[in-house]
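Only one structure is covered here, and it is reproduced in the block below.
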Amino acid sequence: MLRTRTEIKKFKMWMICLTLFLWALLIVSPFLGLLDETVLYSLFPFLNFGLMIEGTIAGNEIPQFVKDNFSFSVSLLCVMVAIALIIFIIYMIVRCVLASQRSKARKVLRKTGYSAEYFALLEKKKRHLKGSYLEAVNDLCLAKEYSDGRRYDSALELLRNVDIDKFKVRDAAHYYSLYAYIFILTGNLENASFAIDLGVPFAEKVKDKSEMEFVSALLLYAQKDYDGAEEGFKPLLKSKNNEIRVWSGMYLGLIFLRKHKNENARKTVVALSKFKKTPRQSEDILKLLKKIETAYALEEEERQEEVASSAEAQPA
């Protein structure tokens with residue numbers, strides 16, 4: 001789901017600009033004759049503090065203009081602080097509303113998984129953002145959730161219809177990586193390779209290239225080039241992208257199982273336990289652990305059969 005800080009970013013900038021505009025307007029109003037003590041104190045009598053200032057500053061006499069307007073200046077400063085506080089409260093209310101929407105979606109996901117109820121919340125957010133500058137980015141986030149929920153047709157439909165011209169370079173790199181990822185999972189390896197080729201120029205311009213490196217390794221895995229895939233996944237175990245790190249470890253575990261390196265598979269998957277996982281990853285790790293358990297059981301069964309065969313071969 002779209003992150004709260006992403007959704008609130010533009011609103012935050014508007015609130016900052018509004019605060020600065022109101023401050024500037026308040027500061028220049030006395031010089032333009034639009035605001036004086038009489039007007040201010042008639043509107044807000046409690047701001048008439050009657051403060052006075054006398055003496056010198058660093059040996060210099062305080063200018064008479066400052067003395068005459070000191071109390072009025074303090075009153076204006078209080079109004080400026082009040083304006084900033086009101087706008088900050090409005091900003092926090094909006095932020096909390098958006099955060100509560102995201103929190104509700106997370107709770108539903110934890111409780112029901114990738115259910116119709118969960119995706120109904122995401123579709124509601126999609127309708128709310130339709131036509132906004134965040135629509136394309138939100139559609140990309142929704143496609144990712146559909147992919148995690150194994151609703152690949154819905155994810156592909158979103159990706160086909162999204163307006164990629166509205167993406168920043170980082171979003172474009174994520175877009176092609178996600179496209180390639182879904183194509184690989186659905187067995188369309190030719191289009192997956194094409195999507196990777198389109199995404200590489202964008203991935204080269206971003207700091208974190210782990211997503212593109214992951215789908216490139218995953219394509220090798222799907223093509224049954226397990227040695228190449230292993231070399232691709234191993235460096236990603238140190239990636240700062242936690243999700244990519246977990247997926248890479250899981251596929252390495254599968255490769256180790258295929259190579260009958262059960263202990264390597266077990267150690268790799270156990271090491272993933274300390275990392276935060278998506279619900280989809282938690283589900284798939286359980287399946288992988290069962291595969292490892294089965295592999296150990298088969299290994300033990302084969303060992304017992306070898307022992308039995310050796311005993312039978314011994315002369316009486």
Side-chain angles (χ1 to χ4, degrees), residues 1-16 18 85-164 166-168 170-175 177-179 181-182 185 208 210-211 240-247 250 272-287:
M1 192 173 183
L2 195 65
R3 292 184 177 182
T4 302
R5 65 186 180 190
T6 301
E7 195 171 358
I8 200 72
K9 184 177 181 180
K10 194 168 185 178
F11 180 74
K12 180 181 179 180
M13 292 304 301
W14 276 107
M15 291 294 98
I16 291 174
L18 177 60
L85 183 60
I86 291 170
I87 291 178
F88 177 73
I89 291 172
I90 294 172
Y91 165 76
M92 289 305 298
I93 290 173
V94 173
R95 185 182 180 89
C96 288
V97 169
L98 296 176
S100 67
Q101 293 174 355
R102 182 177 172 83
S103 178
K104 181 179 179 181
R106 285 200 303 265
K107 288 179 181 178
V108 171
L109 179 59
R110 285 196 299 267
K111 184 177 180 181
T112 66
Y114 294 98
S115 62
E117 182 182 0
Y118 175 64
F119 286 112
L121 290 174
L122 300 190
E123 287 291 345
K124 183 179 179 181
K125 172 65 75 172
K126 173 178 169 59
R127 291 191 296 270
H128 176 71
L129 294 175
K130 186 174 180 60
S132 74
Y133 77 103
L134 287 172
E135 181 180 10
V137 177
N138 184 69
D139 284 351
L140 185 58
C141 293
L142 180 54
K144 169 66 166 56
E145 293 301 312
Y146 271 129
S147 171
D148 284 348
R150 295 182 176 85
R151 301 188 181 197
Y152 301 122
D153 290 339
S154 297
L156 288 173
E157 182 180 357
L158 275 171
L159 293 176
R160 282 192 292 266
N161 295 325
V162 73
D163 186 358
I164 60 176
K166 293 183 178 180
F167 284 153
K168 296 179 180 178
R170 183 179 61 182
D171 295 328
H174 179 56
Y175 169 82
S177 296
L178 181 58
Y179 230 140
Y181 176 69
I182 296 173
L185 294 183
D208 184 6
S210 59
E211 287 187 352
K240 293 181 179 180
N241 185 325
N242 192 67
E243 186 173 356
I244 294 298
R245 181 164 44 185
V246 172
W247 279 126
M250 291 171 64
L272 300 178
S273 61
K274 61 183 178 181
F275 301 122
K276 184 178 180 181
K277 306 168 198 58
T278 66
R280 168 71 181 270
Q281 288 178 329
S282 297
E283 179 182 324
D284 286 355
I285 277 185
L286 287 177
K287 293 178 182 179

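Excluded from the calculations below are hydrogen atoms, water molecules and symmetry mates; all remaining heavy atoms, backbone and side chain alike, are included. Each residue takes its place number in the sequence, starting with 1.
- Heavy atoms from other residues, nucleotides or ligands lying under 6.0 Å from CZ of Arg106 number more than 12.
- Taking CD of Glu135 as the reference point, atom CG of Asp163 lies at 8.0 Å (rounded to 0.5 Å).
- In this structure, Lys277 contributes its side chain and Leu272 its backbone to a donor-acceptor pair below 3.5 Å.
- Within 6.0 Å of CZ on Phe11 lie more than 12 heavy atoms contributed by other residues, nucleotides or ligands.
- Counting only distance, with no hydrogens or angles, the side chain of Ser103 and the backbone of Ser100 share no donor-acceptor pair below 3.5 Å.
- Arg102 contributes atom CZ, which lies 10.0 Å from atom CG of Leu122 (distance to the nearest 0.5 angstrom).
- Taking both residues in full, the closest heavy atoms of Ala136 and Val162 are given as O-CG2, 3.6 Å, listed atom of the first, atom of the second, then distance.
- Here Asp171 contributes atom CG and Cys141 contributes atom SG; the two are 8.0 Å apart, rounded to the nearest 0.5 Å.
- Side-chain atoms of Leu98 and Lys125, non-hydrogen and from C-beta on, do get closer than 4.5 Å to each other.
- Residue Glu7 is tested with Asn138, Val137, Val94, Leu134 for a side chain to side chain contact (heavy atoms under 4.5 Å, CB included); the sole match is Leu134.
- Here the CZ atom belonging to Arg3 is positioned 12.5 Å from the NZ atom belonging to Lys9, to the nearest 0.5 angstrom.
- Other residues, nucleotides and ligands place more than 12 heavy atoms under 6.0 Å from the CZ atom of Arg280.
- Aromatic ring orientation, Phe167 versus Tyr175: tilted (interplanar angle from 30° to 60°).
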In sequence, state the C-alpha distance, the side-chain angles, and the governing distance for Tyr146 and Glu157, and then conclude on side chain to side chain donor-acceptor pair (under 3.5 Å).
CA-CA 10 Å; Tyr146 271 129; Glu157 182 180 357; over 6 Å; no
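- Two residues are said to be in side-chain contact when any heavy atoms from C-beta on lie closer than 4.5 Å; Ile182 and Leu156 meet this criterion.
- Nearest heavy-atom pair, Ile90 versus Met15, reported as atom, atom and distance to 0.1 Å: CG2-SD, 4.5 Å.
- Contact check for Tyr133 versus Lys166: no side-chain heavy atoms found under the 4.5 Å cut-off.
- The side-chain heavy atoms of Lys104 and Lys107, taken from C-beta on, include no pair separated by under 4.5 Å.
- Under a 3.5 Å cut-off, the side chain of Ser177 and the backbone N or O of Ala173 do form a donor-acceptor pair.
- Here Asp139 contributes atom CG and Lys126 contributes atom NZ; the two are 3.5 Å apart, rounded to the nearest 0.5 Å.
- For the salt bridge (Lys or Arg N to Asp or Glu O under 4.0 Å) condition, no pair includes a residue of residues 109-123, sequence neighbours left out.
- Cation-pi contact between Arg151 and Tyr114: absent, since separation from the ring centre below 6.0 Å together with deviation from the ring axis within 45° is not met.
- Taking each heavy atom of Leu159 and Ala143 in turn, the nearest pair found is CD2-CB, 3.8 Å.
- Atom CD of residue Gln281 and atom CD of residue Glu243 lie 5.0 Å apart, to the nearest 0.5 angstrom.
- Ion pairing between Asp284 and Arg150 holds under the 4.0 Å rule for side-chain N and carboxylate O.
- Closest non-hydrogen pair, Ser147 versus Tyr181, comes out as OG-CE2, 3.5 Å.
- When every heavy atom of Val246 is checked against every heavy atom of Lys276, the shortest pair comes out as CG2-O, 4.1 Å.
- Annotation for Ser115 and Thr112: closest pair OG-OG1, 2.6 Å, computed over non-hydrogen atoms.
- Other residues, nucleotides and ligands contribute only 12 or fewer heavy atoms inside 6.0 Å of the NZ atom of Lys240.
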